[in-house]
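Worksheet for the structure shown next.
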Amino acid sequence: MIHPAAADDSFLAPIHRSLLTSCLLSGTVALFVFPLHLALAGPPHAATILVLAWMLCQWPIAHYLSRTGAMNATIALSSGLFASFVAAVCLMTGGKSSFALLWLLIPPVEAAFATSRRVTIGVSVYCCALFAAVTAFSASVPQSMTLPPEAGLFASIAAFIYTGMLAARISLDRHRASSEVLKSGTRLERVSNTVCEVLLELDRDGGLSVLGGPVRKMFGLEPSFSDQDWVFHRLNVSDRPKYLTCLADAREGGRDVQLDVRLRLGSSKPGEGGQAEYSNFRLRLRPADTSGAGTRCGSVVLALQEVERQNADADPQQGGHVAGGKACWTLIEEAGASVRDQVSEIVDLASQVEEEGKSLTQGSLHQKVRRIRSAGDRSACSLNAMLDLVPAGQGRLANEFCKVDLDDCLTHSRNLIGPLADRLKVSLDLVAAADLPAVFVDKKKFRQSLHLILSEIVETAGAGALVHAETIAGPSGIELVMTVCNRQSSLHWTSGNSQAVFENASRLLEEAGAALTIRSSLGSGERVVVAIPVRAEKRKPDQSTGADAVSAPWAESA
């Protein structure tokens, strides 16, 4: 019977439930007592009819609350009805000297369950008016009931008990409200520690309050409510004029503004001794929505997001194709170390063959040669993997298109990025579909871009994640779709912090004859898609078909 608007509210639902329970129980008791009284005691007294009528009136009140969900109006109606009933009993039992006059204090206490102060004030004023009416007309209204002297004592004890029960219910509701606020704060803190952005609200008077976000994790401090605009005080001096200008544009112009600033980190305040540490942040300012409760006019919402420093490890004179951060250089170092070990093994085996060649049997010599060849093949693979990550020199301007097997490229990338993924505890699932045609691309640039993309995804996926790649063949070409699954974080993987790497990979893929796109879908995050169009292999200039050979002499004779 609880109204749907309050059924999901953990604070209002118990109040609705208790009010409906008391109303239904009161009406049921009256409906049971009235025929029983008629059967055993005959026609009821006027006071008994008044009590039963008040109890039966609780059913329409319960129906009204169940249909509308208007708790404040229901409490005002119930309290007013109870005050009118008490005033009528007072007039029937002696007016200002009645035993029930003390019960006029209870309706204002019952009205305290409402969430509006108008209800409490209105019921209190109504009870005062009833008290004045009972006092003024007590002499002119004849007394219709004669009660024993002990009735006043019992009525006072009952009033104290009933008031205590109402006070206990109010205390229980306040405890429930504090528990809900604590749960809400815990959920908000959990969400704030998960996101990578800090939301602040700046009032017109300079007060800055935190709406959410990992402030302590990002800045290393926990600002108090008494602090003024601490963001301005932590700004680098050169960024303060630009910040004030953008703040005025957002506040007066009513438009969103974005700027990049440098903010001081740590718990030390500006002006204190010591070396200041700054970090780059992206600051977005927009006018606050004044339709919400508690939002002041002229407030501005600030969104702070730390901008990760992109590693410029690549030589800018070489085109910057390997500007993929530390991951590419880590792969080059690992491949170089592998080549060094394998070449050392080749040298040792060759020395052994040189020194012991005369004394070795045919089987031993054959085994040594096989080991030398195996080490040479492994070193050649590692060297090719390392050279794939090195950008092309200035002398290599033209693309070198050839037929490339996608499964071979994925296997090559898995062998190269496997050690990095194992160290970061990321699983790889890189398998191409069966019976795929060979694609016609620049092999080296295509492999470079694939290594850049996969290494960046592995670095940003997080421990426990699975990097999955699948190939989809269509009429217009082949699509290589890379996704991140099974993340420990509640957020889906995004490419927001890897734009520079994907821009370099996209430029490489364009030169290699492919294209890179980032697709996002609701509920599954973002996917990296490499589209490879279907194209025929280009003929060399010296190649000609039979028809061309036959027609050539006729062209010359013409």
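Values in this document were obtained by computation on a predicted structure and should not be read as measured data.
- Interatomic distance, OG of S78 versus CD1 of I61, reported as 4.5 Å (0.5 Å rounding).
- Side chain of S26 to main chain of S22: no donor-acceptor pair is present (N/O by atom type, distance under 3.5 Å, no hydrogens or angles).
- Contact of the D260 side chain with the N280 side chain is not registered, since no non-hydrogen atoms from C-beta on lie closer than 4.5 Å.
- Each of I518, T483, V484 was compared with E526 under the side chain to side chain contact (heavy atoms under 4.5 Å, CB included) criterion, and only I518 meets it.
- Heavy-atom neighbours of R286 CZ from other residues, nucleotides or ligands within 6.0 Å: at or below the threshold of 12.
- The distance from atom SG of C246 to atom CG of L259, rounded to the nearest 0.5 Å, is 4.5 Å.
- For the pair S66 (side chain) and A62 (backbone), a donor-acceptor distance under 3.5 Å is absent.
- Classified by interplanar angle (parallel below 30°, tilted 30° to 60°, perpendicular above 60°), the ring pair W493/F502 is perpendicular.
- R519 and E479 are joined by a salt bridge, as a carboxylate oxygen and a charged side-chain nitrogen come within less than 4.0 angstrom of each other.
- Looking at V119 and F113, their side chains never come closer than 4.5 Å, going by heavy atoms from C-beta outward.
- Here the NZ atom belonging to K242 is positioned 10.0 Å from the CG atom belonging to L283, to the nearest 0.5 angstrom.
- Distance SG/C23 to CE/M55: 11.5 Å, rounded to 0.5 Å.
- Between atom CZ of residue R264 and atom OG of residue S279 there is a gap of 13.5 Å, rounded to the nearest 0.5 Å.
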